[in-house]
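Working notes, structure below.
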Amino acid sequence: MEKTCTLLVHFDKGTPALANEIKEALEGNDVPAKVEAMKKAVMLLLNGETIPQLFITIVRYVLPSEDHTIQKLLLHYLEIIDKTDSQGRVLPEMILICQNLRNNLQHPNEYIRGVTLRFLCRLNESEIIEPLIPSVLLNLEHRNPFVRRNAILAVMSIYKLPHGEQLLGDAPETIEKVLSTEQDPSAKRNAFLMLFTCAQDKAVNYLFTHIDRILDWGEQLQLVVLELIRKVCRTNKHEKGKYIKIIISLLTAPSTAVIYECAGTLVSLSSAPTAIRAAADTYCKLLQSQSDNNVKLIVLDRLLELKTSHKEIMVDMIMDILRALASPNLDIRRKTLDIALELITPRNVDEVVLLLKKEVVKTQNADLEKNGEYRQMLVQAIHTCAMKFPEVASTVVHVLMDFLGDTNVASAMDVVVFVREIIETNPKLRVSIITRLLDTFYQIRAARVCSCALWIIGEYCLSLSEVESGIATIKQCLGELPFYTAVEEGEAQEVPRSDQLASAITVSSRRPVVLADGTYATQSAALETAMSPPTLVHGSLATQGNLRSLLLSGDFFLGAVVACTLTKLVLRLEEVQPSKAEVNKATTQALLYMVSMIQLGQSPVLPHPIDNDAYDRIVLCIRLLCNTGDVTRNIWLHSCKESFVNMLADKQFRETEERKAKAQISHSQPDDLIDFYHLKSRKGMSQLELEDEVQDDLKRATGEFTKDNDDVNKLNRILQLTGFSDPVYAEAYVTVHHYDIVLDVTVINRTKETLQNLCLELATMGDLKLVERPQNYTLAPESSKQIRANIKVSSTETGVIFGNIVYETSNVLERNVVVLNDIHIDIMDYISPATCADVAFRSMWAEFEWENKVAVNTVIQGEKEFLDHIIKSTNMKCLTPLSALEGECGFLAANLYAKSVFGEDALVNVSVEKQSDGKLSGYIRIRSKTQGIALSLGDKITLKQKGAA
């Protein structure tokens with residue numbers, strides 16, 4: 001992570017002593033010393049120094065040098081220095097360098113010629129360039145391609161000057177002749193680029209003249225051809241049909257860069273199904289052929305864009321896209337699944353689920369890295385498919401249930417949640433799922449997964465055999481009673497049965513040991529008390545039940561779930577079992593287990609006693625089994641499932657609403673032009689052009705071409721940097737991209753004097769970094785200048801850009817400084833609303849270490865109104881369902897979530913309560929993995945929460 005340096009180093013760069021040292025080194029004959037001196041001179045010029053006394057020395061001692069490094073540094077020096085005076089006239093001493101440049105253009109060494117021609121591309125002074133034009137034209141016929149390609153660029157830059165047509169009026173014709181005979185790919189590309197830039201008609205004519213050989217052209221030239229096509233089709237849309245044929249022919253080019261650009265150009269120019277299908281097919285081929293993960297991610301981004309606008313065409317490409325799952329990179333797999341899940345239809349869902357099931361089976365290979373995370377993604381994908389198309393659930397649910405005992409708790413949790421929803425939405429699968437769950441329950445080792453599985457057993461074991469099997473399975477996993485023992489000193493504890501899971505011996509020791517047969521025992525060095533401390537009865541390692549081990553570890557929340565499940569099963573057994581004796585026996589055994597769990601929780605054998613919530617829950621189950629009423633029975637056996645059904649319905653409703661919100665809503669204007677496709681003349685139009693016309697008409701009719709003007713939003717991004725009374729007025733237009741900030745600063749000279757060496761000096765605070773230092777400018781009286789500054793963003797944090805404008809005038813030798821207003825970069829530009837599962841939210845909430853707690857201080861009196869205001873102010877997504885926020889109870893709690901462009905998560909919990917005086921009180925807690933998000937969001941909420949400001 002790049003941080004701002006806080007060390008201030010003094011360097012007196014403008015002292016005459018340093019200039020004299022450079023001068024002495026340049027006057028000497030030592031070539032390495034001259035090179036170092038030229039580097040120092042160039043660095044001083046880049047830092048704002050002028051050093052005018054060095055110019056004559058460089059003309060006398062550096063210009064004649066034959067060393068290539070010195071000549072290159074000399075051209076850098078000549079490029080940087082001011083070549084005009086305050087009135088814009090070329091300085092007289094610049095004539096001294098013209099002869100040297102002419103000699104370099106006629107130099108026998110190709111490198112000297114080439115770098116000099118490249119230097120001419122950066123010159124804007126016609127007086128210096130005009131004497132050199134004959135030498136530049138001669139280099140167009142040089143034998144070396146390096147010289148020719150730079151000569152073509154020099155001709156193009158000269159022609160583009162304000163008076164370039166007067167200096168080189170026949171440049172397009174000259175370059176056209178060069179292009180017809182040129183064989184070097186780079187020189188040919190430069191020549192075509194010159195025609196494309198300066199004489200577009202000639203470039204188009206050359207393209208159609210040699211259209212049969214376009215596939216034989218080099219990669220560089222083909223890319224310029226695509227740029228020409230894009231430019232021509234934007235200005236003249238009626239001719240794009242013939243250009244699209246060229247693009248489609250270039251899709252067979254050997255260069256992957258050309259193929260990628262062709263696909264992007266096709267999508268930008270045409271909406272015809274044939275063109276979109278060709279572009280999508282190209283992207284899918286690139287996805288398979290390229291090994292670079294970054295390239296794959298970029299191609300997936302393009303496919304995601306295509307899916308948004310041409311979903312009906314992309315549906316046919318889903319299996320080609322899913323081939324990207326062969327990549328071991330999790331980011332690629334995640335993005336591939338995200339795209340594919342939105343392209344599933346009843347026609348392809350079986351094929352997709354079959355592929356996903358094969359991928360799940362592959363994750364059983366322990367040699368592959370991050371199998372658990374990948375399996376979790378696959379389970380979530382299959383879950384989504386089964387929710388959309390319940391008929392496919394039967395093909396995958398039993399395969400997924402093999403992973404209930406997965407060591408990756410998150411993956412196992414996703415499987416059990418999937419099973420819980422499928423058993424409710426697919427009643428036909430209930431019997432087979434319950435049977436399989438009871439058979440595999442002993443394999444589950446995670447407490448959270450056990451809790452969910454127990455709930456399923458308690459709610460969906462309906463028949464007599466299922467209820468009896470459920471009770472037997474729970475008893476087997478709990479093991480034999482008691483959970484702990486307390487015996488007198490010196491007495492051996494007898495094992496009443498050979499299959500008992502209790503330990504074998506008891507002595508007055510506090511240190512556990514493992515015997516040779518794998519059982520636990522305790523050991524003492526001396527007998528000091530009359531009674532030994534109580535000892536946990538674990539049982540042998542081979543036969544110890546999963547529920548027993550979790551209970552003995554102190555997980556009494558699971559114990560409460562076990563009690564509730566046993567209670568439900570016993571209550572249902574009363575309905576389906578005619579024998580009262582069997583019901584009484586099951587009730588007695590369930591009560592015995594519940595009482596034993598309470599005794600275990602209250603005993604000193606565990607480091608932490610049973611918590612009050614779990615204790616109250618187990619006691620409630622005991623009371624319920626001792627005295628059952630019809631109302632209570634109905635609540636336990638029916639109301640719980642009804643709440644779950646309502647939760648699923650609410651979840652489905654939210655997903656439907658989100659899909660509707662994502663759908664593009666377009667409205668056409670009443671006075672929009674409507675073209676009737678069937679009444680149009682089709683003469684001379686290809687099938688692709690006809691399809692394109694149809695698509696354009698459909699978009700125009702649905703209003704897809706209509707876009708709201710964002711002028712108001714643009715005006716809001718213009719910031720005034722100086723006052724109206726300052727001699728220099730400046731304002732900035734701030735454009736925030738994902739990873740950088742662009743400042744377009746307009747500087748206006750409001751004085752009657754010429755401002756020299758005007759420089760915009762910027763500095764940053766926070767995780768911002770200035771990419772390059774803006775150069776010095778000369779501003780004529782009452783003139784303006786556009787200055788652009790790029791700032792790199794490295795993390796999601798509110799940053800500050802500050803600085804000043806420094807300039808000199810002809811009357812005052814001192815430098816004048818105008819301090820600029822600070823520019824505050826808003827964190828809202830980097831975060832966007834996102835969604836995540838409740839389990840993932842809770843996991844991140846427990847994991848993230850940075851928390852910012854903001855007290856509620858607002859004039860808003862409605863809880864829901866305050867929540868909506870916070871959501872709008874923070875640009876976050878409310879994860880709490882609307883049904884949970886309905887009603888008036890004087891209290892509201894909601895979870896908000898957002899994700900930054902850098903992949904960082906932002907979690908917010910809003911808890912507010914209405915006081916007796918009508919005001920709201922409470923706290924807003926923000927958690928994130930990095931400090932920047934927590935602090936910045938806290939500052940934003942503090943600023944915005946008082947009202948709808």
Side-chain angles (χ1 to χ4, degrees), residues 4 13 42-50 76 78-88 121-125 157 160-162 711 713-766 768-793 799-810 812 814-826 829:
T4 305
K13 56 186 180 182
V42 170
M43 290 303 296
L44 287 174
L45 287 169
L46 290 174
N47 284 321
E49 298 296 324
T50 54
H76 284 315
L78 296 176
E79 181 183 345
I80 298 169
I81 61 173
D82 292 329
K83 292 174 271 298
T84 57
D85 57 16
S86 59
Q87 305 299 322
C121 296
R122 299 181 178 91
L123 280 183
N124 297 321
E125 291 75 25
S157 63
K160 289 168 66 177
L161 290 175
D711 295 338
N713 191 28
K714 289 181 179 179
L715 289 175
N716 291 335
R717 293 185 176 273
I718 295 178
L719 303 175
Q720 183 179 341
L721 301 181
T722 63
F724 292 112
S725 60
D726 288 324
V728 177
Y729 175 77
E731 63 182 20
Y733 176 68
V734 184
T735 305
V736 178
H737 299 290
H738 281 180
Y739 297 99
D740 62 346
I741 300 169
V742 180
L743 296 181
D744 290 308
V745 183
T746 302
V747 180
I748 302 175
N749 179 8
R750 303 183 69 245
T751 67
K752 302 294 184 181
E753 299 179 349
T754 299
L755 305 183
Q756 300 175 352
N757 294 326
L758 184 142
C759 180
L760 176 66
E761 296 181 347
L762 296 175
T764 60
M765 187 170 64
L768 305 176
K769 180 185 177 184
L770 193 64
V771 176
E772 57 185 357
R773 182 179 182 273
Q775 63 185 29
N776 294 348
Y777 299 96
T778 299
L779 268 185
E782 299 182 351
S783 63
S784 63
K785 185 71 179 178
Q786 295 284 340
I787 303 175
R788 172 166 289 192
N790 293 303
I791 295 170
K792 177 185 174 185
V793 183
V800 180
I801 304 171
F802 56 95
N804 47 57
I805 293 176
V806 182
Y807 63 92
E808 298 174 355
T809 59
S810 57
V812 183
E814 296 181 356
R815 306 187 76 183
N816 300 295
V817 179
V818 178
V819 180
L820 305 177
N821 291 332
D822 294 345
I823 301 174
H824 294 268
I825 303 303
D826 197 348
D829 293 319

List the atom of S784, the atom of I748, and the distance in Å for their closest heavy-atom pair.
CB-CG1, 3.9 Å
Partners of D744 by salt bridge (charged side-chain N to carboxylate O under 4.0 Å, His left out), sequence neighbours excluded?
R788
Report all side-chain donor-acceptor pairs from residues 718-730 shorter than 3.5 Å, counting only partners two or more places apart or in another chain.
residue, atom, partner, partner atom, Å
Q720, NE2, T722, O, 2.7
T722, OG1, V728, O, 3.1
T722, OG1, A730, N, 2.8
D726, OD2, G723, N, 2.8
Y729, OH, E731, OE1, 3.0

Contacts of Y777 that satisfy side chain to side chain contact (heavy atoms under 4.5 Å, CB included) - sequence neighbours left out
Q775, K785, I787
Which residues satisfy the side chain to side chain contact (heavy atoms under 4.5 Å, CB included) test with L743, sequence neighbours excluded?
V734, I741, V745, L762, A789, I791, I801, I823
The side-chain hydrogen bond (donor to acceptor under 3.5 Å, both in side chains) partners of N757 (sequence neighbours excluded) come to E808
Please enumerate all residues that pass side-chain hydrogen bond (donor to acceptor under 3.5 Å, both in side chains) together with T751, with sequence neighbours excluded.
N749
Counting only heavy atoms from other residues, nucleotides and ligands, does the tally under 6.0 Å from NZ of K83 exceed 12?
yes
Give the intermediate values and the outcome of side-chain contact (heavy atoms from CB on, under 4.5 Å) for residues L760 and V747.
CA-CA 9 Å; L760 176 66; V747 180; 5.7 Å; no
Could you walk me through whether E782 and K752 pass the side-chain contact (heavy atoms from CB on, under 4.5 Å) check?
CA-CA 7 Å; E782 299 182 351; K752 302 294 184 181; 2.5 Å; yes
Quick one: list whatever passes side chain to side chain contact (heavy atoms under 4.5 Å, CB included) with E761, sequence neighbours left out.
C759, R773, N804, V806
With T746 via side-chain hydrogen bond (donor to acceptor under 3.5 Å, both in side chains) - residues at least two apart:
Q786
In chain order, what residues pass the salt bridge (charged side-chain N to carboxylate O under 4.0 Å, His left out) check against E79, with sequence neighbours excluded?
R122
Given the rule in the side-chain contact (heavy atoms from CB on, under 4.5 Å) test, do T764 and V800 qualify, once you have shown the distances and angles that lead to the verdict?
CA-CA 6 Å; T764 60; V800 180; over 6 Å; no
